[in-house]
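The figures here come from the full heavy-atom set of this structure, side chains too, leaving out hydrogens, waters and symmetry mates. Chain letters run A, B, ... following the sequence lines, proteins first and then strands; every chain starts at 1.
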There are 2 protein chains.
Amino acid sequence: MTTNDQGSNYTPGRYRTPDGAPSDIVIFTITSTEKKTAKKALPLRELQVLLIQRKSWPFEGQWALPGGFCKETEDMYACAKRELQEETGVTNVHMAYFNVYSQPGRDPRGWMISHAFFALVQEKWLAERRADTDAEDVRLFPVEEALQMALAFDHGVILRDALQKIREQMLTTVIAKEFLPEEFTISELYQVIQTVVPDFEERNFIRKITSTQSRKGLIEEVTDRGGQPKVSNRYSQRAAQLYRFTNLTQQLSLYS
Amino acid sequence: MTTNDQGSNYTPGRYRTPDGAPSDIVIFTITSTEKKTAKKALPLRELQVLLIQRKSWPFEGQWALPGGFCKETEDMYACAKRELQEETGVTNVHMAYFNVYSQPGRDPRGWMISHAFFALVQEKWLAERRADTDAEDVRLFPVEEALQMALAFDHGVILRDALQKIREQMLTTVIAKEFLPEEFTISELYQVIQTVVPDFEERNFIRKITSTQSRKGLIEEVTDRGGQPKVSNRYSQRAAQLYRFTNLTQQLSLYS
DNA sequence: CGAATAGTGTCTCTTAGACAATATGAA
DNA sequence: TTCATATTGTCTAAGAGACACTATTCG
């Protein structure tokens with residue numbers, strides 16, 4: 001058996017080792033802008049990604065994903081969380097690891113094996129930061145625009161992969177909740193899904209998600225203390241029922 | 001902005017760097033053993049995982065996942081593929097990356113950030129190798145048994161995660177095909193799914209997968225050159241229709 | 001009342017789910 | 001003929017999908 005390096009005699013320092021294990025974080029947010037036409041109207045929503053402009057070699061001046069090197073005393077998740085915190089001041093948001101990028105030569109500084117996370121952040125959490133550093137070297141870009149840009153390193157690929165991943169997860173998990181307030185209307189949920197997955201279309205969305213036995217339990221109506229339905233009219237004249245996600249999960253299957 | 005290490009002045013050799021980037025591979029296979037009672041009967045199938053016994057420090061004598069260190073000239077996927085090839089002689093099988101393990105202190109040899117893959121291999125591909133090294137330091141273990149063992153490093157956790165991952169993917173993707181011949185019967189498919197996901201039960205499985213409009217296209221009947229249905233009686237007196245997977249995919253969704 | 005969003009009625013066709021019943025062919 | 005697997009019949013209740021229709025309330 002020639003195979004098991006871990007099982008062979010181990011001589012520290014004998015091998016070439018990586019020059020660093022960075023994490024890169026694809027920070028998504030959905031911005032809402034009101035239509036000017038009417039006051040009460042569904043806002044325009046757009047999926048955006050946070051990029052920073054590099055100040056030094058390599059890729060000086062180019063836009064890149066935020067990130068940084070892992071320390072020996074933390075794991076990759078802690079590293080990404082720390083970088084996210086340092087970059088946006090945001091904590092306690094949904095962040096998930098999705099892939100490793102280890103193509104030889106991907107970083108001119110040396111052998112860097114990068115770990116990519118995506119984070120979903122509500123616009124309001126980014127608000128202060130954006131005010132602080134506006135017109136600085138940190139900016140939100142619409143994803144479609146970012147995809148066209150020549151990003152540093154292989155960050156274009158990472159962004160593309162991340163986008164595919166959250167599109168998939170938007171439909172198969174409840175990450176939609178990360179872009180929504182605790183209590184939301186059916187339209188808001190529908191809009192969020194469509195913002196991330198433009199192809200998504202369900203004509204009878206409200207019925208499928210509320211009145212169907214198999215889906216009952218994914219979300220539930222919110223009531224006030226008196227047990228009366230709680231509604232919102234932030235987007236319409238006619239008040240809309242508010243819902244919240246439950247904690248129930250659901251196993252999807254091709255075969256059932 | 002204190003955050004972007006990649007954007008700050010870069011001084012090579014200034015930081016502590018990892019001591020290695022290994023890959024670990026969870027190699028799954030499904031073994032079939034015939035029931036002794038009758039010749040033509042559905043075989044007993046069992047999900048097994050390949051482990052190796054370590055010959056040296058650390059964790060000498062303990063069982064571990066196969067794997068090895070990444071070289072500077074290859075990416076992690078190539079590394080895992082090479083290790084799999086060296087370990088089992090197997091090539092061209094389904095292998096997928098699923099997580100990184102970077103807990104500080106997980107490897108007494110130093111700062112090792114490990115990348116975990118799972119591979120799905122048909123028993124027949126392992127047959128030669130097993131004959132070669134039988135009663136040696138490479139063995140298949142039933143997963144339930146392996147989960148009870150004290151594996152080296154954090155390999156117990158990795159195995160648990162891998163198992164959860166393939167259970168999920170067994171139901172949401174067509175990885176079942178990796179455990180099946182090109183042409184298979186409905187019972188075989190059903191058995192494979194149940195072997196990986198013991199809770200899976202569909203009473204009307206055959207109809208759901210063949211006669212349902214929404215699922216039409218996942219598998220298709222095999223016919224011979226004359227257009228006649230191709231059947232197999234390897235498990236039963238009554239011959240069963242053979243099917244194959246098509247290339248059609250299907251987007252699962254909680255919301256539709 | 002018109003605009004804009006929220007939500008219901010209704011109809012048809014398909015599917016889910018449960019079981020019973022029948023089919024096949026070697027031992 | 002029996003046995004083990006393969007496959008179809010049948011019935012009911014529920015869901016999918018399409019689209020027209022009603023509801024609410026601000027301006």
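Minimum atom distance to the side chain of A:Arg238 is reached by C:dA6, of the listed D:dT5, C:dA6, C:dG17. If you check D:dA6, C:dT8, D:dT7 against the side chain of B:Ile206, the one that comes closest is D:dT7.
Taking the ring axis of B:Phe205 as reference, the NZ or CZ atom of B:Arg207 does not stay both within 45° of it and closer than 6.0 Å to the ring centre.
Per the geometry, CG belonging to B:Asn233 stands 16 Å off C1' belonging to D:dT7, to the nearest Å. As rounded to whole Å, 12 Å separates atom P of C:dA16 from atom CD1 of B:Ile209. Summarising the geometry, the separation between CZ on B:Phe205 and P on C:dA18 is reported as 16 Å, rounded to the nearest angstrom. A straight line from CG of B:Asn204 to P of D:dG9 spans 14 Å, rounded to a whole angstrom. Rounded to whole Å, atom P of C:dA4 lies 20 Å from atom CZ of A:Arg234. Rounded to a whole Å, the CD atom of A:Glu188 is 13 Å from the P atom of C:dT5. Protein atom OH of A:Tyr235 is 17 Å distant from nucleotide atom P of D:dG27, rounded to whole Å. To the nearest angstrom, C1' of D:dA16 lies 6 Å from NZ of A:Lys208.
With no hydrogens or angles considered, no side-chain donor-acceptor pair links B:Glu220 and B:Thr246 at under 3.5 Å. Side-chain polar atoms of B:Tyr235 and B:Glu188 form a donor-acceptor pair below 3.5 angstrom. Judged by distance alone, the side chains of B:Ser232 and B:Arg234 do bring a donor and an acceptor atom under 3.5 Å apart.
For B:Arg207 against D:dG9, a side-chain N or O and a base N or O form a donor-acceptor pair under 3.5 Å.
Put simply, CG on A:Leu84 and OG1 on A:Thr91 are 8.0 Å apart, with the number rounded to the nearest 0.5 Å.
Between A:Ser236 and D:dT24, a side-chain N or O to OP1/OP2 separation shorter than 4.0 Å is absent. Residue B:Arg215 places at least one side-chain N or O closer than 4.0 Å to OP1 or OP2 of C:dA16. Look at A:Thr185 and you won't find any side-chain N or O under 4.0 angstrom from OP1 or OP2 of C:dT5.
Between A:Gln237 and A:Ile186, the residue anchored closer to the 5' end of DNA chain C is A:Gln237, taking for each the nucleotide with the nearest heavy atom. Between B:Ser256 and B:Tyr243, the one whose closest nucleotide on DNA chain D sits nearer the 5' end is B:Tyr243.
Nucleic acid contact class of B:Leu42 (heavy atoms, under 4.0 Å, all strands): sugar-phosphate only.
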